Amino acid sequence: MSSKKLVSPIRIVKRDVQNKWLLAALYGGGILLAFLLGAVLLSLLKVNPFEYYGDMFTIGMIGNRYFTKSLENWIIIFVPLVITSLALSMAFKMKFWNIGGKGQFIIGSIVASAIALTMKPNTSPFVLIALMTICGGLSAGIYGMITAILKVRFGTNETLLTLMFNYIALNLLFYFGETQGAWNIFLSKESVRPLLAKFPENAWMTTIKLGDFNLNVSLILALVFAAFMWFYLAKTKQGYEISVVGDSISTAKYAGMKVNKIIVRTMFLSAMFIGIAGAFNVSTSHTLTSSMAYGDEGWTGIVVVWLAKLNPFAVVIISILLSWLRYGCVVAASSYTTVNSYFADMLQGIILFIVLAVDFFIKYKVVFTKRENAVKEKN
Amino acid sequence: MKKGLVILLTLALIVGCLAAFTACSGEDYDLVVGAIYIGGKDETSGYTAAHANGIKKAIANLEKEGYKVKLEVVDKVDDTDYNAVAAACDTLVAKGSDIIFGISFGYLHAMNDKAAEYKDVLFSHATGYLSNDTNYNNYFGRIYQARYLSGIAAGLKSIELESDSIGYVAAWTTEYAETTSGINAFALGVQSVNPDATVYVKSIKSWGDTAKEQQAAQYLIDTYNCTVIAQHCDSAQPQIVAQENDVYGCGYNTDMTSDAPKAHLTAPIWNWHVYYQFAMEEALKDPATFVDAVGNYLGGLKEGFVDISPLSENCAPNTAKMIELARKEMVDGNWDVFHSAKLSFEAIQGEIAIKITPADLGTLYTPDPEKEDADPNPYVCKVEDDQVTKTPDYVITGTMNTFVAGVTDVDKM
């Protein structure tokens, strides 16, 4: 009797659901369930869920004198998220866990801002924005590459290291944002209090006027980038190398690939594109902002990539949905005294949680083992 | 089981919707007020709450007059995030706002740009310095006037306690004109009744940090035997520390007597609703004349925009009378804190009387050699040809950076 081991009554067993319609129905049902839960919460706060969701799904465009503005503001949130997510998917495909998206984004932003604030004001906008993008991208790429080099040289843990590198970038940003002095090019010269300076007009992201709507050029670039990323990962030799290294480093070595080189190169590219997203973002904002330290492109990007299962097209779709949800929630919340912007975060959290749970239960099933069976199995 | 859950949730949803269907949509409002807050809209104390309560009170007053006013709020907007502020303005305009208030300093650029973009909407920004001629103004208050009055209460208490040491927990010192002018005004108030007193200032280098506020107050009491602790920081910690050490104090922002009933004397406070109601009334009257009528608003005691909280029982005798006399001089416009004249009190036939004596306050602004673009000329407040001079407003709103005599920064000793 003393040797009798306890067998867990619950076991998790892998399963394989192939039916695409069933999958779609399950994910759709999960999202619906999340919104139902949100509706119950809204009702408890004495808010009409139909009105709230109506405002949210239309991001306040209905009955709005300036409805194109809503679209423009959504694009401002969407572009950095989609570029960051695509860039992260590159590293993740190689099973290099780049948690440092936020830091790389900030470094790219800081360097792009430095260019914007120091170049001559008569530089042509095209040259200046291109320069901001290139320098922002390169600096972030090098910043990310350091972690990759440390990994291949000394076997450091890239998850920890990229995470720590976030804090270096973050504090650098706070330092520039709060330290007054003649040397600090980032601060406004007019303000008595520390205030991050506004860029000269030639550093503002180009927009194309379509009637009332100002199409942000970075949106087009982001979508081109998505197509490029698909091509790069699926159709090029380098993309193939990434997936082999991701599957098995030994296989890659056996096949004669220079694994270290591939890891460093891929991480450089991943961080570089995130830095470019940062450069686009400051150029669109017309200023560096220290609140980007709390921004979550780097974190939400990880969730996007996870949900998209590394598929570039799915990354685009999920980025659209998540940024739409985020912006819509803020817009809807403004009309209600009982709903603050935390509610947006909460609703988003509920949706992500349920979708991830659905994802889990699609991949695995839980089996309840009866006690007698357990004993029998043991015998 | 799953089915049951879904049915239950659906039912809950339907019931909830029915319950929530009260008359609220499709109404016409006389005024839609937009507000951008740095904190959460449901906070109960602190800076955002002070503004939120002011806006709510102003709206309630207007509704009593028969106006229909709707409030739209975007909250937790970081004041260093240009995009977030710009998007908040867009959202509030989209919701039909006629006037948009932004409460945090860093909103100034985004609001300036949005005011240029949306010419049919009024923008009003607290604590900033930007404005335009048509639809953008800024507002702030002469809180230093209230600080002067609280200084009188502190000075009288120090005399009663036979002490010349008064402490002041400050967010910042000479970095900001807002803190410098507050400290100077408080010290001048103290000196009006106790000319020998020294105000020891300890800076916590943060607008609010409860632990540092507590430590600073304790340090002032332990090291300098301060008997009254005044403050320019967010929480009531300095007052609580004063009570623990059996000394007294003057709070800030709200009446802190409930936080430290045995220590608190009185606190300089803001009545934000005074401005909000004024601004909303002008917006209702005619948006085209709003900027002309309201201008860049700097309300003081006269407008009731700043004040001191009711004097507690801890105050020394005659405090109420003396404060009343000093307040009258400021409200009537005979005298202000940074004029080159000092107030003093004297007893004439048992009645307390106030006396205005011309006096130099000395240098109030010293150029900073590290700042290239700073004004190179120092500002000295002095009596000229026996005439009382007024310190220009820019010293109070932007550049005052030098302490008056009787103030000691303990970090620079």
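Please read these numbers as outputs of a predicted model, since none were measured by experiment. A, B, ... follow the sequence lines: proteins, then strands. Residue 1 opens every chain.
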Q | Segment of B:Asp120 engaging chain A (4.5 angstrom heavy-atom cut-off) | A | side chain

Q: Could you tell me which residues satisfy ring-ring contact (aromatic ring centres under 6.0 Å, His included) with A:Phe186, sequence neighbours excluded, listed by chain and number?
A: A:Phe176

Q.
Among B:Ala84, B:Gly34, B:Ala94, which residue has the highest count of heavy-atom pairs closer than 4.5 Å to chain A?
A. B:Ala94

Q: Could you label the plane-to-plane angle of the A:Tyr175 and A:Trp183 rings as parallel, tilted or perpendicular, counting under 30° as parallel and over 60° as perpendicular?
A: parallel

Q) Are B:Phe105 and B:Tyr176 near enough that their ring centres are under 6.0 Å apart? A) no

Q: State whether B:Asp28 and B:Lys68 are salt-bridged, where the test is any N-O pair (Lys NZ or Arg NE/NH1/NH2 against Asp/Glu carboxylate O) under 4.0 Å.
A: no

(Q) With a 4.5 angstrom heavy-atom cut-off, is it the side chain or the backbone of B:Asp79 that approaches chain A, or both, or neither? (A) neither

Q | Portion of A:Ala332 that has a non-hydrogen atom of chain B nearer than 4.5 angstrom | A | backbone

Q | Interface moiety of B:Ser97 toward chain A, non-hydrogen atoms closer than 4.5 Å | A | backbone

Q) For A:Tyr327, is it the side chain, the backbone, both, or neither that has a heavy atom closer than 4.5 Å to a heavy atom of chain B? A) side chain

Q: Look at the aromatic rings of A:Phe35 and A:Tyr53 and report parallel, tilted or perpendicular, splitting at 30° and 60°.
A: perpendicular

